[in-house]
Amino acid sequence: VQLQASGGGSVQAGGSLRLSCTASGSIFKIHDMGWYRRAPGKQRELVATINSDGSANYADSVKDRFTISREDDKNTVYLQMNSLKPEDTAVYFCTADILKWDKIPSRNDYWGQGTLVTVSS
């Protein structure tokens, strides 16, 4: 199972970006999906999560600006980021709780490689 993230880039404050993350491999079911970020010199922090029912949870710092969504038929999670601020600059990582299809099915958390978002003032 692999997660591939895309959509990062550079944008001015107030701008928007949309991140995507697609899971591939022997996937039986995807439970929670989410995004974390690690800003320069800081620890990794939760940005948003979404469960298989579509219920979302957000960090206070991104509420009302970011929207997480998913397309289960594409094994993909999105993060729409609006009204970006310089403090949103970070490497963004996607994660997914996946039940892997195998001789003995196993459930694990998988992580994408990270995509850099840079917001200039």
> Below 4.5 Å, heavy atoms only, C-beta onward: do Leu17 and Val117 meet side chain to side chain?
Replying inline: yes

> Are the side chain of Gln113 and the backbone N or O of Gln4 linked by a donor-acceptor pair below 3.5 Å?
Replying inline: no

> Do you know which of Thr76, Ile50, Ile68 makes side-chain contact (heavy atoms from CB on, under 4.5 Å) with Met33?
Replying inline: Ile50

> Got a donor-acceptor contact below 3.5 angstrom from the Ser106 side chain to the Lys100 backbone?
Replying inline: no

>> Around atom CD of Glu71, are there more than 12 heavy atoms from other residues, nucleotides or ligands closer than 6.0 Å?
In response: yes

> Just wondering, do Glu45 and Arg38 contact through their side chains at under 4.5 Å, heavy atoms?
Replying inline: no

> Can you tell me how far the OG atom of Ser83 sits from the CG atom of Asp88, to the nearest 0.5 Å?
Replying inline: 9.5 Å

> side-chain contact (heavy atoms from CB on, under 4.5 Å) with Arg65: which of Gln80, Met81, Lys85?
Replying inline: Lys85

> Going by heavy atoms in the side chains, are Tyr58 and Val47 under 4.5 Å from each other?
Replying inline: no

> Nearest 0.5 Å, what's the OG-NZ distance between Ser20 and Lys74?
Replying inline: 9.5 Å

> Is atom CD of Gln2 surrounded by more than 12 heavy atoms (other residues, nucleotides or ligands) closer than 6.0 Å?
Replying inline: no

> Could you state the interatomic distance from CZ (Arg107) to NZ (Lys29), rounded to the nearest 0.5 Å?
Replying inline: 8.5 Å

> Under a 4.0 Å N-O cut-off, is there an ion pair linking Asp72 with Arg70?
Replying inline: yes

>> For the OG atom of Ser16 and the CZ atom of Phe66, what is their distance to the nearest 0.5 Å?
In response: 9.5 Å

> Between the main-chain N or O of Ser10 and the side-chain N or O of Thr118, is there a donor-acceptor pair closer than 3.5 Å?
Replying inline: no

>> Under 4.5 Å between side-chain heavy atoms, counting indirect links through other Ile/Leu/Val/Met/Phe/Trp/Tyr residues: same cluster for Phe93 and Leu46 or not?
In response: yes

> Would you call Lys42 and Arg37 a side-chain contact if the rule is heavy atoms closer than 4.5 Å?
Replying inline: no

> Does the Asn51 side chain pair with the main chain of Asp53, one donor and one acceptor, at a distance under 3.5 Å?
Replying inline: yes

> Hey, quick one: are Leu19 and Val11 part of the same hydrophobic cluster, counting side-chain heavy atoms closer than 4.5 Å, chains of contacts allowed?
Replying inline: yes

> Got a sec: does the CG of Asp64 have more than 12 other heavy atoms crowding it under 6.0 Å?
Replying inline: no

> Looking only at heavy atoms, what is the nearest atom pair of Ser52 and Asp32, with distance?
Replying inline: N-OD1, 4.3 Å

>> Can you confirm whether or not the ring centre of Trp111 sits under 6.0 Å from the ring centre of Tyr36?
In response: yes

>> Between Ile27 and Val1, is there a side-chain heavy-atom distance shorter than 4.5 Å?
In response: yes

>> Is there a side-chain contact between Cys21 and Trp35 in this structure, where contact means two heavy atoms from C-beta onward sitting under 4.5 Å apart?
In response: yes

>> Could you tell me if the side chain of Thr67 sits less than 4.5 Å from the side chain of Asn82, heavy atoms only?
In response: no

> Which atoms form the tightest heavy-atom contact between Ser121 and Ala13, and what is the distance?
Replying inline: CA-CB, 4.3 Å

>> Distance alone, cut at 3.5 Å: any donor-acceptor contact between the side chains of Thr95 and Asp109?
In response: no

>> Once rounded to the nearest 0.5 Å, what's the spacing between atom SG of Cys94 and atom CG of Leu79?
In response: 10.5 Å

> Think Arg18 forms a cation-pi with Tyr78, using NZ or CZ under 6.0 Å from the six-ring centre and within 45 degrees of its axis?
Replying inline: yes

